[in-house]
Number of protein chains: 2
Amino acid sequence: MQIDATDRKILRELQQDAGRSLDDIARAVGSSKTPVWTRIRKLREAGIIGPQVVIADPDKLGFEACFFVLIRTSEHDSDWQQRFLNAVRARPEVMEAHRLAGDIDYILKVRVPNARAYDVFYQSLISEVKVHNVTALLSMEEIKATTALPV
Amino acid sequence: MQIDATDRKILRELQQDAGRSLDDIARAVGSSKTPVWTRIRKLREAGIIGPQVVIADPDKLGFEACFFVLIRTSEHDSDWQQRFLNAVRARPEVMEAHRLAGDIDYILKVRVPNARAYDVFYQSLISEVKVHNVTALLSMEEIKATTALPV
DNA sequence: TGTGAAACGTGCTAAGG
DNA sequence: CCTTAGCACGTTTCACA
């Protein structure tokens, strides 16, 4: 799918605030309801627009600790990889997980109520899948957090 | 603000899909429209529910490279810190930024079209603020990504 | 505090320029 | 491809149990 300048404007609006009315968005991008609606539908169908969600405040919900976990493994066979993948996907405290190029094999972002809860998570994870080396980086302050891509 | 089991159910629904109708959500949490609506409003007012957004697909929009950037600095005075903060906040390719405890001072998550675009970003950043040491981890695969806290 | 119904605004569809 | 117009649906409010 080919997207143009208007699509990008719409995307910017929706990434900023998906709660606004079609009329508002149409006005903001300099168009009107129907064409905007059609474009949104096409962007949805193309999978460019994914889920629509609310962002909850971690601190106010008691998730006051955020760790970035750097993982090195010695086992690189596909069976191990699959088990690791399942383990990570199954744990709700893992907000994000990437397989990396180079020295470090995986990075996780983990949100938990406190350091103790992180340890519980950590013990549970390494008991389920063998990992060679783990480093946890503790976040002191979230300087910036956005879901909006710079389209 | 004190939140109960029903609030948590509502939060789960909204974190999953904020596009559903009140009726649907009410049915899902075993209540009815008005009380659910009141609760959502209160959660909004309390700031527990933040912005409502759409999640766009990075790959389909040409953001095919994702880097985690580990930064060490030698300068820890508040002036430097403020300049770094501004620099990071101003750059839209920085999706996330945390100040860390320990050895490494900052971690950034950066989304760009390709490695070349990352280099442009990197050069531009270090020309604006002095940093002692930078390590970039390149993501090969996003194993998991969620905005939903396990409430 | 939850229920039901009424009033309002939007999303969505369809027809015409 | 955009504009205008209309219907159906969802949200929001309010009176009452």
Side-chain angles (χ1 to χ4, degrees), chain A residues 1-62 145-151, chain B residues 1-63 113 145-151:
Chain A
M1 181 187 173
Q2 193 67 6
I3 73 164
D4 68 4
T6 307
D7 291 321
R8 259 189 284 275
K9 279 191 200 166
I10 294 172
L11 272 172
R12 273 197 287 271
E13 297 295 327
L14 292 179
Q15 286 192 122
Q16 208 68 39
D17 179 1
R20 302 172 55 197
S21 78
L22 270 180
D23 275 324
D24 275 6
I25 296 166
R27 215 170 306 121
V29 306
S31 182
S32 59
K33 275 170 73 164
T34 316
V36 169
W37 187 83
T38 317
R39 282 164 184 273
I40 292 177
R41 198 172 54 77
K42 283 191 180 147
L43 290 165
R44 277 233 167 72
E45 277 167 10
I48 293 171
I49 290 181
Q52 179 170 337
V53 299
V54 300
I55 308 296
D57 185 311
D59 288 344
K60 292 190 174 143
L61 286 165
T146 181
T147 54
L149 296 166
V151 288
Chain B
M1 181 188 175
Q2 193 67 6
I3 74 164
D4 68 4
T6 307
D7 291 321
R8 259 188 285 276
K9 279 190 199 167
I10 294 172
L11 273 172
R12 273 196 289 272
E13 298 294 329
L14 291 179
Q15 286 192 123
Q16 208 68 38
D17 179 2
R20 303 176 48 201
S21 79
L22 270 180
D23 275 324
D24 276 7
I25 296 166
R27 213 170 306 121
V29 307
S31 181
S32 58
K33 276 168 74 159
T34 315
V36 169
W37 188 83
T38 316
R39 283 165 185 271
I40 292 177
R41 200 172 54 77
K42 282 189 182 148
L43 290 166
R44 278 234 166 73
E45 277 167 10
I48 293 171
I49 289 180
Q52 178 170 337
V53 299
V54 299
I55 307 297
D57 185 310
D59 288 345
K60 293 192 174 141
L61 286 165
F63 295 90
T146 181
T147 54
L149 297 165
V151 288

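Chain identifiers are assigned alphabetically (A, B, ...) following the order of the sequence lines, protein sequences preceding nucleic acid strands; residue numbering begins at 1 within each chain. Reckoned from all heavy atoms, side chains included, excluding hydrogens, waters and symmetry mates.
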Quiz item: Which value, rounded to the nearest 0.5 Å, describes the distance between A:R44 atom CZ and A:K42 atom NZ?
Solution: 14.5 Å
Quiz item: In B/S/- notation, 5' to 3', how is nucleotides 4-17 of chain C contacted by protein heavy atoms closer than 4.0 Å?
Solution: B-----SBBBB---
Quiz item: To the nearest Å, how far apart are B:I10 CD1 and D:dT11 C1'?
Solution: 15 Å
Practice problem: Please name all residues satisfying side-chain contact (heavy atoms from CB on, under 4.5 Å) with B:S21, sequence neighbours left out, ordered by chain then number. | Solution: B:D23, B:D24
Quiz item: Which atom names give the shortest non-hydrogen contact between B:I25 and B:R20, and what distance separates them?
Solution: CD1-O, 4.0 Å
Practice problem: Evaluate the side-chain proximity of A:L22 to A:I40: yes if any heavy-atom separation is below 4.5 Å, no if none is. | Solution: yes
Exercise. Provide, to the nearest angstrom, the distance between the CG atom belonging to B:D17 and the P atom belonging to D:dG10.
Key: 14 Å
Distance-only criterion, 3.5 Å: show the donor-acceptor pairs between side-chain atoms of residues 54-61 of chain A and protein atoms not counting sequence neighbours.
residue	atom	partner	partner atom	Å
A:D57	OD1	A:D59	N	2.9
A:D57	OD1	A:K60	N	3.0
A:K60	NZ	B:A46	O	3.3

